[in-house]
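Sequential numbering from 1 along the given sequence is applied to the chain's residues. What's counted below: heavy atoms across the whole structure, side chains too, no hydrogens, waters or symmetry copies.
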Amino acid sequence: MIDKINAVKELVGGGLTQIADGSIVYHDGQTPPTEEEIQAKLAELQAEYDALQYQRDRASAYPSTADQLDMLYHQGVEGWKAEIKKVKDQFPKPEPT
């Protein structure tokens, strides 16, 4: 999940305590980041998440493992590859920017 606490954890290197009111308790040696640093990290994390949307789309579109094994048995590797390629073509991996 992409939220402020995860962005702060990324910036300060791990263990924090979040209190129910939303405030954050930093541990010894941790320097609280500025709001600008937090917003920049949130934008970075969101961009990383968005860039991997094709993986999430593919994962939900692939046949189940049992169905894939059945495909392999009945259609062979080439038949299985053809079915998997349909999903990969439907949700292509973006070109690197």
Side-chain angles (χ1 to χ4, degrees):
M1 181 164 71
I2 299 168
D3 60 10
K4 186 173 181 173
I5 190 71
N6 288 323
V8 172
K9 283 181 182 179
E10 290 268 335
L11 289 167
V12 300
L16 301 169
T17 304
Q18 184 176 20
I19 301 174
D21 68 1
S23 61
I24 299 170
V25 177
Y26 296 90
H27 298 280
D28 291 339
Q30 291 179 325
T31 302
T34 65
E35 187 60 32
E36 291 80 25
E37 291 171 323
I38 293 169
Q39 292 306 314
K41 181 54 84 172
L42 280 168
E44 177 186 328
L45 293 172
Q46 187 65 52
E48 290 172 3
Y49 180 83
D50 292 346
L52 299 177
Q53 182 63 47
Y54 79 97
Q55 289 180 347
R56 293 184 295 279
D57 292 339
R58 283 181 180 181
S60 64
Y62 283 133
S64 69
T65 302
D67 288 344
Q68 288 187 46
L69 289 171
D70 194 54
M71 265 184 251
L72 283 168
Y73 180 79
H74 291 286
Q75 300 171 26
V77 172
E78 294 308 314
W80 171 77
K81 281 179 164 182
E83 290 298 317
I84 296 302
K85 185 173 182 338
K86 288 178 189 176
V87 174
K88 289 181 179 279
D89 290 345
Q90 183 180 4
F91 302 107
K93 183 177 182 177
E95 295 295 322
T97 56

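Contact between Ala7 and Lys41 at its shortest, heavy atoms only, is O-CG, 3.6 Å. Counting all heavy atoms, side chain and backbone alike, Ala51 lies closest to Pro94 at O-CG, 4.0 Å. Shortest non-hydrogen contact noted between Pro32 and Gln30 is CD-O, 3.6 Å. In terms of heavy-atom proximity, Glu35 sits nearest to Lys4 at OE1-NZ, 3.3 Å. In terms of heavy atoms, Val8 sits closest to Ile38 at CG2-CD1, 3.7 Å.
Interatomic distance, CG of Asp3 versus CD of Gln46, reported as 11.0 Å (0.5 Å rounding). Here the CD atom belonging to Gln55 is positioned 7.5 Å from the NZ atom belonging to Lys93, to the nearest 0.5 angstrom. For the atom pair CD (Glu83) and CD (Gln68), the distance works out to 9.5 Å, reported to the nearest 0.5 Å. Within the model, atoms CG of Leu11 and CG of Asn6 stand 11.0 Å from one another, a figure rounded to the nearest 0.5 Å. How far CD1 of Ile24 is from CD1 of Ile5: 4.0 Å, rounded to the nearest 0.5 Å.
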Lys86 vs Asp89, side chain to side chain contact (heavy atoms under 4.5 Å, CB included): CA-CA, chis, key distance, verdict | CA-CA 5 Å; Lys86 288 178 189 176; Asp89 290 345; 5.9 Å; no
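Clustering ILVMFWY residues whenever any of their side-chain heavy atoms sit less than 4.5 angstrom apart, transitively, puts Tyr73 in a cluster other than the one holding Ile84. Two different hydrophobic clusters hold Leu52 and Val87 under the rule that ILVMFWY side chains link at heavy-atom gaps under 4.5 Å. In this structure, Leu72 is a member of the same hydrophobic cluster as Tyr62, with clusters built from ILVMFWY side-chain heavy atoms closer than 4.5 Å.
Contact check on Lys85 versus Glu78 returns no salt bridge, with no Lys/Arg side-chain nitrogen under 4.0 Å from an Asp/Glu carboxylate oxygen.
In the model, Gln53 has a side-chain atom that pairs as donor or acceptor with a side-chain atom of Arg56 under 3.5 Å.
Side-chain contact between Glu48 and Leu45: present, with at least one pair of heavy atoms (C-beta onward) separated by less than 4.5 Å. A 4.5 Å side-chain heavy-atom check between Glu44 and Glu10 finds every atom pair outside the cut-off.
Within a 6.0 Å sphere centred on OH of Tyr54, other residues, nucleotides and ligands contribute more than 12 heavy atoms.
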